[in-house]
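None of these values were measured; they are calculated from a predicted model. One-based numbering along the sequence shown. Order of appearance sets the numbers: ligands from 1, and atoms from 1 within every ligand.
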Amino acid sequence: MNPEPLLAGVLPPTVAVARHGSVAVLTLDRPDKRNALGDDMVLGIERFFAELPDDIGAVVITASGDHFCAGLDLAEMTDRDTLSGLRHSRMWHRAFEAIEFGPVPVVAALKGAVIGGGLELASATHVRVAERSTFYALPEGQRGIFVGGGGSVRLPRLIGVARMADLMLTGRRYDAEEGLSAGLSQYVVEDGTGLQVALELAGRIAGNAPQTNFAVIQALPRIAEAGPREGYLMESMMAAIAQGTDDAKRRMQEFLDGRAAKVTDR
Ligand code: 1HE
């Protein structure tokens, strides 16, 4: 399917967006600087999620060039004072919160460098597809800074504090396979196929019941962080809300009538 334009004229040129049916694709489009994230890009990401049309069911985040993202634009950092540093980090938090707890599930298509703030961006998405060329690093220690885009909250949940500390302290890189086994991505695919795979997954996700997608991105992470007593109650409430929708009743009846897909190995 050929992409159609989306949100034309409202985003910076470094953030390109297009629609593939019910899937919106956001492309980090600054390949000459390895998609290093300037303020305009971070604000553009936040605006994209705020203005996503209601008929979009899933988002893919991808990148131009050989690298997903080299992290924070270090050229914008050199004369930032403490207070503006705090505000800057909170801006990243807002933008990435709009991804993690936004309106629809988000799939990232990773390749090449997924570094620093680029890894923080990836970790705010729900499904990560990594091409074999992908490598991950957190070189903040070498730059004299700390993660500021939510990485210290999200990454330990994916890979554990010990792995994150190792990445930050030693400057170690994980390749795509190491990232897969550590939990940084859920898929590893051949080079050049990441966007296609991400679009296929996003298309499937967009075909799910919206109330189930809502439950997975809004309720599941909160239940996982809650105590078991609160978690069980939240689960019961979310289950009742989902199954009470007309859409759920229709989908279950379609299966009982033999008109819905069985569970198969796709
Ligand atoms: C940049 C950036 C950047 C590249 N900010 N300009 N991130 C880092 O410490 C990663 C730094 N980047 C690299 O290690 C390498 O650039 C890569 C491994 C990603 C790619 O290497 P390569 O050989 O393909 O490209 P290059 O020649 O190093 O870079 C191409 C250009 O992009 C070059 O500019 P040019 O004008 O000389 O062509 C680089 O300066 C520029 N460039 N990365 C600015 N990051 C919310 S807190 C988050 C904290 C962090 O993200 S810390 C991690 C920062």
Numbering the atoms of ligand 1 from 1, which are under 4.0 Å from a heavy atom of [X]?
X      : result
Gly71  : 51 (O)
Gly148 : 46 (C), 47 (S)
Ala113 : 19 (C)
Gly117 : 48 (C), 50 (C), 51 (O)
Ile145 : 49 (C), 52 (S)
His67  : 24 (O)
Pro139 : 8 (C), 9 (O), 53 (C)

Minimum-distance pair of heavy atoms, taken over all atoms of [X] and [Y]:
X      : Y      : result
Phe49  : Ile99  : CE1-CG1, 3.5 Å
Gly118 : Phe68  : O-CE2, 3.7 Å
Arg132 : Asp191 : N-OD1, 3.1 Å
Ala198 : Val107 : CB-CG1, 3.7 Å
Ala70  : Lys33  : CB-O, 4.5 Å

Any protein heavy-atom neighbour for [atom] (distance below 4.0 angstrom)?
atom                    : answer
atom 50 (C) of ligand 1 : yes
atom 28 (O) of ligand 1 : no
atom 40 (O) of ligand 1 : no
atom 19 (C) of ligand 1 : yes
atom 23 (O) of ligand 1 : no
atom 9 (O) of ligand 1  : yes

For [atom], closest protein heavy-atom neighbour:
atom                    : result
atom 48 (C) of ligand 1 : Glu120 OE1, 3.4 Å
atom 16 (O) of ligand 1 : Arg34 CG, 4.2 Å
atom 13 (C) of ligand 1 : Ile115 CD1, 4.7 Å
atom 2 (C) of ligand 1  : Ala36 CB, 3.9 Å

Take atom [atom1] in [X]; do more than 12 heavy atoms of anything else shown fall under 6.0 Å from it?
X      : atom1 : answer
Arg251 : CZ    : yes
Arg87  : CZ    : no
Phe101 : CZ    : yes
Asp246 : CG    : no

Ignoring angles and geometry beyond distance, decide whether [X] reaches within less than 3.5 Å of ligand 1 through its nitrogen or oxygen atoms.
X      : answer
Leu74  : yes
Arg143 : yes
Gly149 : no
Lys33  : yes

Side chains of Leu72 and Ile145 in contact at under 4.5 Å (non-hydrogen atoms):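 Yes, close enough: below the 4.5 Å cut-off.
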Side chain to side chain, Asp73 and Arg30, heavy atoms closer than 4.5 Å: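 A side-chain contact under 4.5 Å exists here.
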Ile159-Val127 co-clustered via ILVMFWY side chain contacts under 4.5 Å: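 Per the 4.5 Å side-chain linkage, Ile159 and Val127 are not co-clustered.
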Contact check, Glu76 vs ligand 1, heavy-atom distance below 4.0 Å: no
Asp32 touching ligand 1 at heavy-atom level, < 4.0 angstrom: yes
Closest to atom 54 (C) of ligand 1 among Ala70, Gly116, Gly112 (heavy-atom distance): Ala70
Nearest candidate to atom 44 (C) of ligand 1, where distance is taken over non-hydrogen atoms, out of Leu119, Asp73, Leu121, Leu72: Asp73
Salt bridge present between Asp55 and Arg19 (N-O < 4.0 angstrom):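 Judged by the 4.0 Å cut-off on N to carboxylate O distance, Asp55 and Arg19 do form a salt bridge.
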Pairing of Arg250 and Asp247 as salt bridge, 4.0 angstrom limit: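 Yes, this pair counts.
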Residues forming a side chain to side chain contact (heavy atoms under 4.5 Å, CB included) with Ser84, sequence neighbours excluded: Arg80, Asp81
